[in-house]
Each structure stands twice: as structure tokens, then as C-alpha cells.
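Quick one: the structure is below, and I'll ask about it shortly.
A quick note: this is a predicted structure, and the numbers were derived from the prediction, not measured.
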Amino acid sequence: MVNAVVQRYVETDDGMGGKDYRWENHIEIEGTLDQLTGDEVLASDKLGELSDHIFIIFEIVDVKRGDRFIINDEIYNVTNVDNPNNLDRHLEIKLKYTGERYG
């Protein structure tokens, strides 16, 4: 099992009529991470990784498209959340690895 922190991009009032936008920790969950596809690309003289993953959890939690996962200090963007057949048994969360590190 893999531990993940789910972060949500939130808007807060800055107290001076403006808005601040930042990632805030939303929930912590535990599940299984599996790579679906992967490739290496060369862009701007830099080797990068592109990969799609699926994160499976056996509970129903508040995760939605647009959230991001922090797993082992690496950032993954949520691209889809599926509750198969609406049975509320598990969630299949598709993630895209950004290649960025958290921290």
C-alpha cells in the first residue's frame, strides 16, 4: 500500500480585496499505485518522463478532477475519478505524473 496526500487548489481572501490561490492538503489516503503507460521524452535538452497511473482505494472519499496527489514527494495530477458501476466499493483514480518533486 502507498500513502498519498491529496491537495486541492483553493482560493482565499487576502484581506485587501484580492485573492490568493494555493495548494492545501485536503485528505490523506492509502491505496495501490500502478503504472498504466510510460515514456521518456527529450524536450529543451532535458530528459523527462511521462506516465499515466491508476490509484485504487477501497473507500469512497472526496477526490475530484483537478486535485493533485503527493506520493513519495512526487506530484501527480488527477485526470479522472471512477466509482465502477456506482457500487461504492472502491475508487479508481487516474493520475498523470508531472515529473516535478514536492518540497
Subject >> Residue pairs fulfilling ring-ring contact (aromatic ring centres under 6.0 Å, His included) with at least one residue in residues 6-30, sequence neighbours excluded >> reply: Tyr9-Trp23
**OP:** Could you tell me the separation between the CD atom of Gln7 and the CZ atom of Phe69, rounded to the nearest 0.5 Å?
**Re:**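 Interatomic distance, Gln7 CD to Phe69 CZ, rounded to 0.5 Å: 11.0 Å.
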**OP:** Determine the interplanar angle of the Tyr97 and His53 rings, folded into 0 to 90°, and report it as parallel if under 30°, tilted if 30 to 60°, perpendicular if over 60°.
**Re:**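 Tyr97 and His53: perpendicular rings.
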**OP:** Answer with yes or no whether the hydrophobic clustering places Phe55 together with Ile60; edges join I, L, V, M, F, W, Y residues whose side-chain heavy atoms lie under 4.5 Å apart.
**Re:**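 Yes, same cluster.
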Original post:
If you take all heavy atoms of Gly31 and Ile57, which pair is closest and at what distance?
Top reply: CA-CG2, 3.9 Å
**OP:** Show the numbers, then the answer: is there a side chain to side chain contact (heavy atoms under 4.5 Å, CB included) between Tyr102 and Arg68?
**Re:** CA-CA 11 Å; Tyr102 182 74; Arg68 74 179 188 180; 3.7 Å; yes
Original post:
Rounded to the nearest 0.5 Å, what separation is found between the CD1 atom of Ile29 and the CD atom of Glu59?
Top reply: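 The CD atom of Glu59 is 7.0 Å from CD1 of Ile29, to the nearest 0.5 Å.
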Original post:
Between CE of Met1 and CD1 of Ile56, what distance do you get to the nearest 0.5 Å?
Top reply: 10.0 Å
Subject >> With Val81 via side-chain contact (heavy atoms from CB on, under 4.5 Å) - residues at least two apart >> reply: Val63, Val78, Leu91, Ile93
**OP:** Kindly write out the residues that satisfy side-chain hydrogen bond (donor to acceptor under 3.5 Å, both in side chains) with Asn85, not counting sequence neighbours, or none if the list is empty.
**Re:**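 Residues passing side-chain hydrogen bond (donor to acceptor under 3.5 Å, both in side chains) with Asn85: none at all.
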**OP:** Determine, using the 4.5 Å side-chain heavy-atom cutoff (strictly less than), whether Leu95 and Ile70 are members of one ILVMFWY cluster.
**Re:**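 No, because Leu95 and Ile70 fall into different hydrophobic clusters, even though each may have its own neighbours under 4.5 Å.
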Original post:
Sequence neighbours excluded, which residues qualify as salt bridge (charged side-chain N to carboxylate O under 4.0 Å, His left out) partners of Arg8?
Top reply: Asp62, Asp67
Original post:
Hey, is CG on Asn72 packed in by over 12 heavy atoms from elsewhere, all under 6.0 Å?
Top reply: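 For Asn72, atom CG is not crowded (no more than 12 foreign heavy atoms under 6.0 Å).
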**OP:** List for me each residue that meets side-chain hydrogen bond (donor to acceptor under 3.5 Å, both in side chains) alongside Asn77, sequence neighbours excluded, and say none if there are none.
**Re:**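 Scan of Asn77 (side-chain hydrogen bond (donor to acceptor under 3.5 Å, both in side chains), adjacent residues dropped) gives none.
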**OP:** Check whether any side-chain N or O of Arg65 sits under 3.5 Å from a backbone N or O of Asn80 as a donor-acceptor pair, and report yes or no.
**Re:**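 Judged by distance alone, no pair lies under 3.5 Å.
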Original post:
Tell me, which pairs form a salt bridge (charged side-chain N to carboxylate O under 4.0 Å, His left out) where one or both residues lie in residues 91-103, sequence neighbours left out?
Top reply: Asp52-Lys96, Glu74-Arg101
Original post:
Linking I/L/V/M/F/W/Y whenever any side-chain heavy atoms sit under 4.5 Å apart, do Val5 and Ile27 land together?
Top reply: no
Subject >> Whether Thr98 side chain and Ile75 backbone form a donor-acceptor pair below 3.5 Å >> reply: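 Yes; at least one donor-acceptor contact below 3.5 Å.
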Original post:
Which distance, rounded to the nearest 0.5 Å, do you find between the NZ of Lys19 and the CG of Asp14?
Top reply: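 So the gap between those two atoms works out to 8.5 Å.
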Subject >> Exercise: identify the closest heavy-atom pair between Asp13 and Gly17 >> reply: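 Closest pair (atom of Asp13, atom of Gly17, distance): OD1-N, 4.3 Å.
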